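For reference, the structure discussed in these notes is given below.
Every value quoted in this text rests on a predicted model; they were computed, and no experiment measured them. By convention in this document, chain letters (A, B, ...) are assigned in the order of the sequence lines, proteins followed by strands, and residues within each chain are numbered from 1.
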Amino acid sequence: MKKGKYYITTAIAYTSGTPHIGNSYEIVLADSIARFKRKDGYDVFFQTGTDEHGQKIELKAQETGVTPKAYVDKVAGEIQRICDSLDTSYDKFIRTTDDFHEKQVQKIFKKLYEQGDIYKGSYEGLYCTPCESFWTESQLVDGKCPDCGREVKPAKEEAYFFKMSKYADKLIAHINEHPEFIQPVSRKNEMMNNFLLPGLQDLCVSRTSFTWGVPVDFDNRHVVYVWLDALTNYITGIGYDAEGKSGDQYKKLWPADLHLIGKDIIRFHTIYWPIFLMALGEPLPKQVFGHPWLLQGDGKMSKSKGNVIYADDLIHFFGVDAVRYFVLHEMPFENDGVITWDLMVERMNSDLANTLGNLVNRTISMSNKYFGGVVENKNTGVDAGAEDVDADLAGVLTDTYSRVAKKMDELRVADAITEIFALFKRSNKYIDETMPWALAKDESKKDRLATVLYHLSNAIMVGASLLEPYMPETAKRISEQMNAPLIDFSVLEKCAADHDTAAASALYPSGTQVTQMPEILFARQDLAEVMEKVEAMFAGRKQAAGAAEDAESADQAGEADGNTGMDEKFVELAPKAEITYDDFDKCQFQVGLVLSCEEIPKSKKLLKFEIQVGGSTRQILSGIKQYYKPEELIGKRVMVLVNLKPREIAGQMSEGMILSAADEDGNLAVMTPERFMPAGAEIC
RNA sequence: GGCGAGAUAGCUCAGCUGGCUAGAGCAUACGGUUCAUACCCGUAGUGUCGAGGGUUCAAGUCCCCCUCUCGCUACCA
């Protein structure tokens, strides 16, 4: 009984480095949904992959001394290996360097250009270097970059723009008419209030500052910039053709039922992507779910600290299914989840070893002990002789499918799993209520004992079958130990729909011989022991990281912050236009002594400084609050641009600029002289 | 600064359109049990439901205001 198609995608991972567990979470989440839908009778197509173009990769490859292609081949292989190690059942792994993808990106670009949605920008004097973006005159706010508010400068590069504003009204209407489109709904407001209602800026969709990308075929100095290249993977991967010759697979699968992405790239998936699709005349995806992050509880993950948790580590310590269980269970629907070794061990012992593992183990042991391993239902009619506890167990058994299905419809995967574990807990309780060991002492109750064990075995099989999408390996192991196939969802669904407790209570084949030697499904772990091993492992890593070059560490720290790759958190500095010495000489840099420094209460970023430069003092505001406490800066000597035009910020005057260095993540460090210099010393 | 979300047991959170003695899981304590991976089952808790006002016969549940936290956005000369 097919229920129709279901096309689900994850974001494609950026191939600049190895993803950590926070990044791997998404594919497991997607996989659990895909597996559930598949078992539930849908014709599922599940796509994931890698995003492999861009300047950052070009640079990384250069550093490593290999071609960009060789570089991404290696990383993409690694990413795919991680997906496989997590036992994910994707149907297609697309790479943006795949031929068919690149060809379609070119065709799409051309099509959009020819129909006037993409235009060559008028870029006279309107380039914002930090944002790497061109702007048209009309887009400027007070003559400044509308994105960052900084000065825009003349630039020689041309760029193509996409006319976002043209489709804005249509998109607003769509979002309002389809409240389920953006999930969770709180994200919808952010998109509306911050971007759509204030008015959309046109998006720059090409670059000339690097070459590692899909060339614009009619203007090959340009490469297609990230979003048009990356987002379109969702349609090119299933056979979209911009010239109207899309394949059957595309016709069947599109529009996607669910794009599963990180919450940081919601904007691109709920604004730019739908607008691209509108321009192409294609239907919009049904739903975009921006899931929260899985964060490390004990301090920020960073390679230099050596405490980054990788999927490989967790699998090594706990096994694949325990890792899947953990990330799925620990992640709430709207808030970020936390991962620590403590929590991991806690879940492992409490839920997996105690509740589930022990239940299976004790049940099989009793079947062996009392009946030589044969599990037989001695009651012919389902309720014949059944007691209240049997009826209660049967009720839970029958309903669990619909409870789980309901949660899955709402994408509440963690809650769905909790429903399944409620069944296991109910089964444990059933053992205490029926006391099989007491029944065993009375020969006349032998049939009752057999029936009790049968009901238990049946409940375990129902639970294991429901568990399969989340923990496939465990479901299989239980099925093997119970020596019976997992039950189809169609059967469970029918029992639930008809509320047929009799049928639901007789799904396990009566007379089955279970395994003689029950295997421990999940071994209890000792926290102290685990921590000892973990610390040893991290110590080794830290040493290795310390040995790496500074540039390398700084670079890698960026990867550890939870970027999935389809974002652009890192800063790619495009070379600025050459200047003359005279240009340089216009800037007056001097050493400034920090006399006082305080926070500006209402601002998240600003610190207010009293700086002595030569014989006079001046007030300067600087956005470095996140990186320094005011007291640690007092007395420091810093580099100041003193002849910058004073400007009012946050209601205060700022007379000059304190210079800092910024890494790829925007972490700042103020520039100070290498040895003592008096306040006012010229920097030249 | 703008927009939005939230503040409920030690911890993580549920509590829909206001209605009976405010719930779940984990952790804690006590009791029971022994088939099982010292496991499972039961019981007990404590909560000024962030502070203060208001509407109502009745308010975690609606309104106002305050404090704090978080998200997005702006500010980072």
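- Taking the centre of each ring, A:Tyr470 and A:Phe421 stay at or above the 6.0 Å mark.
- Candidate nucleotides B:C40, B:U37, B:C41 were compared by shortest atom distance to the side chain of A:Arg362, and B:C40 ranks first.
- When each of A:Ile658 and A:Phe424 is assigned the nucleotide of RNA chain B bearing its nearest heavy atom, the one mapping closer to the 5' terminus is A:Phe424.
- Applying the salt bridge (charged side-chain N to carboxylate O under 4.0 Å, His left out) test to every pair with at least one member in residues 364-374 of chain A, sequence neighbours left out, gives no pairs at all.
- Put simply, A:Lys608 has no side-chain N or O that comes within less than 4.0 Å of OP1 or OP2 on B:C76.
- A:Thr355 comes within 4.0 angstrom of the backbone, heavy atoms only, and of no base.
- Judged as a salt bridge (charged side-chain N to carboxylate O under 4.0 Å, His left out), the pairs with a partner in residues 346-359 of chain A (not counting sequence neighbours) are, in order, A:Arg347-A:Asp351.
- The phosphate of B:U37 has neither OP1 nor OP2 within less than 4.0 Å of any side-chain N or O from A:Asn349.
- Between A:Gln201 atom CD and B:U73 atom P there is a gap of 13 Å when expressed in whole angstrom units.
- Formation of a donor-acceptor pair under 3.5 Å by the A:Gln590 side chain with backbone atoms of A:Val642 is not found in this model.
- Protein atom NZ of A:Lys407 is 13 Å distant from nucleotide atom C1' of B:C13, rounded to whole Å.
- Straight-line distance from the CG atom of A:Leu453 to the P atom of B:A36: 13 Å, rounded to whole Å.
- Between A:Asn361 atom CG and B:A38 atom C1' the separation is 14 Å, expressed in whole Å.
- Side-chain atoms of A:Leu521 lie closest to B:U37 of the nucleotides B:C40, B:U37, B:C26.
- What separates CD of A:Glu419 from P of B:A24 is a distance of 15 Å, to the nearest Å.
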Which pairs, protein N/O on one side and nucleotides 68-72 of chain B N/O on the other, fall under 3.5 Å?
residue, atom, partner, partner atom, Å
B:G71, O2', A:Arg187, NH1, 2.8
B:G71, O2', A:Glu190, OE2, 3.2
B:C72, O4', A:Glu190, OE1, 3.2
B:C72, O2', A:Asn194, ND2, 2.8
B:C72, O2, A:Asn194, ND2, 3.1
B:C72, N4, A:Lys604, NZ, 3.4

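- Ion pairing between A:Lys406 and A:Glu410 holds under the 4.0 Å rule for side-chain N and carboxylate O.
- A:Asn349 places no side-chain N or O within donor-acceptor distance of the main-chain N or O of A:Asn354, the cut-off being under 3.5 Å.
- The side chain of A:Arg524 approaches B:U37 more closely than any other nucleotide in the set B:C26, B:U37, B:C40.
- Atom CG in A:Asp526 sits about 13 Å away from atom C1' in B:A38, given to the nearest Å.
- For the pair A:Asn361 (side chain) and A:Ile520 (backbone), a donor-acceptor distance under 3.5 Å is absent.
- In this structure a side-chain-to-backbone donor-acceptor pair under 3.5 Å is missing from A:Gln619 to A:Lys608.
- Remark: side-chain polar atoms of A:Tyr370 are not paired, donor with acceptor, to backbone N or O of A:Leu439 under 3.5 angstrom.
- The CD1 atom of A:Ile431 sits 11 Å away from the P atom of B:C40 (whole-angstrom rounding).
- Using a 4.0 Å cut-off between a side-chain N of Lys or Arg and a carboxylate O of Asp or Glu, A:Arg187 and A:Glu190 qualify as a salt bridge.
- Going from the P atom of B:C49 to that of B:A59 covers 12 Å, rounded to whole Å.
- With a cut-off of 3.5 Å on both pairing distances, the Watson-Crick and G-U wobble pairs of RNA chain B assemble into stems of 3 or more at B:1-7 with B:67-73, B:10-13 with B:23-26, B:28-32 with B:40-44, B:52-54 with B:62-64.
- Close placement of the A:His291 and A:Tyr25 rings is indicated, their centers lying within 6.0 Å of each other.
- In this structure, of B:A27, B:C76, B:A36, it is B:A27 that holds the atom nearest to the side chain of A:Glu346.
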Filtered N/O pairs between nucleotides 42-45 of chain B and protein, under 3.5 Å:
residue, atom, partner, partner atom, Å
B:G42, OP1, A:Lys429, NZ, 3.3

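- Partners of A:Glu655 by salt bridge (charged side-chain N to carboxylate O under 4.0 Å, His left out), not counting sequence neighbours: none found.
- A salt bridge between A:Asp390 and A:Arg448 is present, with a side-chain N of the basic residue lying under 4.0 Å from a carboxylate O of the acidic one.
- The residue among A:Glu655 and A:Tyr370 whose nearest nucleotide of RNA chain B is located toward the 5' end is A:Tyr370.
- Atom CD in A:Glu410 sits about 13 Å away from atom P in B:A14, given to the nearest Å.
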